[in-house]
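Here the structure is laid out as structure tokens; the discussion comes afterwards.
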Amino acid sequence: MTTTPAPEASAGVLRTAYQKSVAEYWNNEKDPVNLRLGDVDGLYHHHYGLGDYDPSVLEGPEETRDARIIEELHRLESAQADVLLDHLGPIAPDQRVLDAGCGRGGTSIMANARFGCRADGVSISRKQVDFANEQARKRGVDDKVRYHFANMLDTGLPTGAFQGIWNNESTMYVDLFELFAEHARQLAYGGRYVTITGCSNDVTGLRSKAVSRIDEHYTCNIHPRSTYFKAMAANGLVPINVVDLTAATIPYWELRAQSSLATGVEDPFLTAYKEGSFHYLLIAADRI
């Protein structure tokens, strides 16, 4: 059973007009590109995919072509989550991880399945949180996987309690210096932070019409690549691995553009990636 938060609870989480607009966007979001992919196996993601797609999905009977594409897009987005989890390092079953900006919660469920650990997720979208908790309940993992209506800049979760924290395509909604200060507070010393994100090329990205169209589509503010490293350095997070995933994500976008789920943002993404104004980056950093 879901409950609507009291007005004062929402006010404590949603502290600015921009945060309220972002929460409203995701509370109202029912995009098939997220929901129909999650319907494949009950893992609902809010991120893109990695790796080459199987070209055979474009062949065969026309009446099942779109279903094949949807299954393949979902395979690629789950592969992306696996790459993120690969970079968290070893997580013991008695340790705890945090998905900051968890969406509908798919990556947290994957983390629990892989490590046996407790996984928490936070989102400023009450509807996403309720949806994610219901998925955890259906899978029988709600004793270890829990989602919270909370602001990732000030979660209220314990200090030093987490061995791993990640943002999967959610950093573009917040100030990075504030975000990494909160992550550094929550991470145990020696803990690992991982983000996969789109970021603009410092030289050309701010002048890119394609990057501006992505910002507008998602009501977000894409950060320059350099800001990630400045904000990490300011908060005791030391990058140990930086991986440019741009080439690996382009096939996902090329396949998505050929599906019934295309939203119109596929062309800006492909243009921005191919012109070099936009990068798809993984950064893993240790808390020192």
Side-chain angles (χ1 to χ4, degrees), residues 25-86 102-110 113-114 125 127-128 131-132 134-135 138-139 168-170 172 196-198 209-211 213-220 243-282:
Y25 173 89
W26 289 110
N27 282 332
N28 293 327
E29 183 270 338
K30 298 178 181 178
D31 198 329
V33 79
N34 294 317
L35 293 171
R36 286 192 62 192
L37 269 61
D39 288 344
V40 171
D41 62 3
L43 280 175
Y44 292 86
H45 298 297
H46 277 270
H47 59 251
Y48 311 128
L50 286 179
D52 292 329
Y53 65 82
D54 181 353
S56 70
V57 301
L58 300 175
E59 304 165 359
E62 183 64 27
E63 61 271 19
T64 59
R65 180 177 185 269
D66 203 54
R68 294 193 303 273
I69 292 175
I70 288 169
E71 288 187 8
E72 186 67 353
L73 289 171
H74 183 61
R75 183 184 70 81
L76 296 177
E77 65 176 3
S78 290
Q80 188 261 29
D82 273 325
V83 167
L84 187 153
L85 295 176
D86 288 344
C102 61
R104 290 186 171 96
T107 308
S108 301
I109 288 174
M110 291 175 65
R114 180 188 289 212
S125 166
K127 287 194 175 179
Q128 285 187 344
F131 184 98
E134 177 63 13
Q135 296 307 307
K138 286 180 178 179
R139 288 175 174 268
N168 199 350
E169 297 180 12
S170 55
M172 63 287 298
I196 295 182
T197 187
K209 291 182 179 179
V211 172
R213 287 180 63 191
I214 295 168
D215 264 343
E216 182 180 3
H217 184 88
Y218 291 109
T219 318
C220 65
V243 184
D244 187 343
L245 299 171
T246 305
T249 197
I250 286 175
Y252 163 88
W253 287 101
E254 291 176 335
L255 181 62
R256 179 168 146 173
Q258 300 179 69
S259 79
S260 65
L261 305 181
T263 63
V265 78
E266 291 78 16
D267 184 59
F269 269 94
L270 287 167
T271 298
Y273 283 141
K274 291 178 180 180
E275 74 184 9
S277 62
F278 194 53
H279 304 144
Y280 198 50
L281 204 65
L282 180 148

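What you see is a predicted model, and the numbers here were worked out from it, not measured in a lab. Residue numbers start at 1 and run along the sequence shown.
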Distance-minimising heavy-atom pair for [X] and [Y]:
X: Gly51; Y: Pro251; answer: O-CB, 3.5 Å
X: Leu261; Y: Glu266; answer: O-OE2, 4.3 Å
X: Gln258; Y: Ile69; answer: O-CD1, 3.6 Å
X: Gly106; Y: Leu43; answer: O-CD2, 3.7 Å
X: Leu84; Y: Leu282; answer: CA-CD1, 4.3 Å
X: Ala79; Y: Leu50; answer: CB-O, 4.0 Å

Rounded at 0.5 Å granularity, tell me how far [atom1] in [X] sits from [atom2] in [Y].
X: Ser259; Y: Arg65; atom1: OG; atom2: CZ; value: 9.0 Å
X: Ile214; Y: His217; atom1: CD1; atom2: NE2; value: 9.5 Å
X: Arg114; Y: Ile109; atom1: CZ; atom2: CD1; value: 15.0 Å
X: Asn28; Y: Lys127; atom1: CG; atom2: NZ; value: 6.0 Å

Check whether any side-chain heavy atom of [X] sits under 4.5 Å from a side-chain heavy atom of [Y], and report yes or no.
X: Arg36; Y: Ser260; answer: yes
X: Phe269; Y: Arg256; answer: no
X: Asp267; Y: Arg213; answer: yes
X: Ile196; Y: Gln80; answer: yes
X: Thr197; Y: His279; answer: no

- Are Asn34 and His45 close enough that a side-chain donor and a side-chain acceptor fall under 3.5 Å?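 No, because no side-chain N or O of Asn34 sits under 3.5 Å from a partner of the opposite role on His45.
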
- Message: Is a donor from one side chain sitting under 3.5 angstrom from an acceptor on the other, for His74 and Glu77?
- Response: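 Short answer, yes.
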
- Task: Assign the ring pair Tyr44 / Phe131 to parallel, tilted or perpendicular, where the plane angle (0 to 90°) is split at 30° and 60°.
- Result: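 Taking Phe131 first and then Tyr44, their aromatic rings stand perpendicular (interplane angle over 60°).
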
- Do the ring planes of Tyr48 and Tyr218 sit parallel (below 30°), tilted (30 to 60°) or perpendicular (above 60°)?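 Ring orientation, 0 to 90° scale: tilted.
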
- Task: Give the C-alpha distance, both sets of side-chain angles, the deciding distance and a yes or no for side chain to side chain contact (heavy atoms under 4.5 Å, CB included) between Val40 and Ile70.
- Result: CA-CA 8 Å; Val40 171; Ile70 288 169; 4.1 Å; yes

- Query: Within the side chain of Thr246, is there an N or O that forms a donor-acceptor pair under 3.5 Å with the backbone of Tyr280?
  - Reply: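 It does hold such a pair.
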
- Task: Spell out, as yes or no, whether a donor-acceptor pair under 3.5 Å connects the side chain of Thr249 to the backbone of Gly49.
- Result: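 Side chain of Thr249 to backbone of Gly49, a donor-acceptor pair under 3.5 Å: yes, one is there.
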
- Trp253 and Leu73: CA distance, side-chain angles, deciding distance, side chain to side chain contact (heavy atoms under 4.5 Å, CB included) verdict: CA-CA 9 Å; Trp253 287 101; Leu73 289 171; over 6 Å; no

- Is it true that Tyr53 and Tyr252 have ring centroids separated by less than 6.0 Å?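 Between Tyr53 and Tyr252, the centre distance exceeds or equals 6.0 Å.
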
- Message: I'd like to check the salt bridge (Lys or Arg N to Asp or Glu O under 4.0 Å) partners of Arg75; sequence neighbours left out, ordered by chain and number.
- Response: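 Listed in chain order: Glu72.
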
- Item | By side chain to side chain donor-acceptor pair (under 3.5 Å) - contacts of Lys274 (at least two apart) |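 Checked Lys274 against side chain to side chain donor-acceptor pair (under 3.5 Å); matches are Glu254.
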
- Item | Salt bridge flag under 4.0 Å for residues Glu29 and Arg104 |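 Yes, this pair counts.
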
- Message: Any carboxylate oxygen within less than 4.0 angstrom of a Lys/Arg side-chain nitrogen, looking at Asp54 and Arg68?
- Response: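 No, Asp54 and Arg68 are not salt-bridged.
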
- Message: Between Cys102 and Thr107, does the side chain to side chain contact (heavy atoms under 4.5 Å, CB included) criterion hold? Intermediate values first, please.
- Response: CA-CA 8 Å; Cys102 61; Thr107 308; over 6 Å; no

- Yes or no on side chain to side chain donor-acceptor pair (under 3.5 Å) for Asn27 and Gln128, after CA distance, side-chain angles and deciding distance? CA-CA 7 Å; Asn27 282 332; Gln128 285 187 344; over 6 Å; no

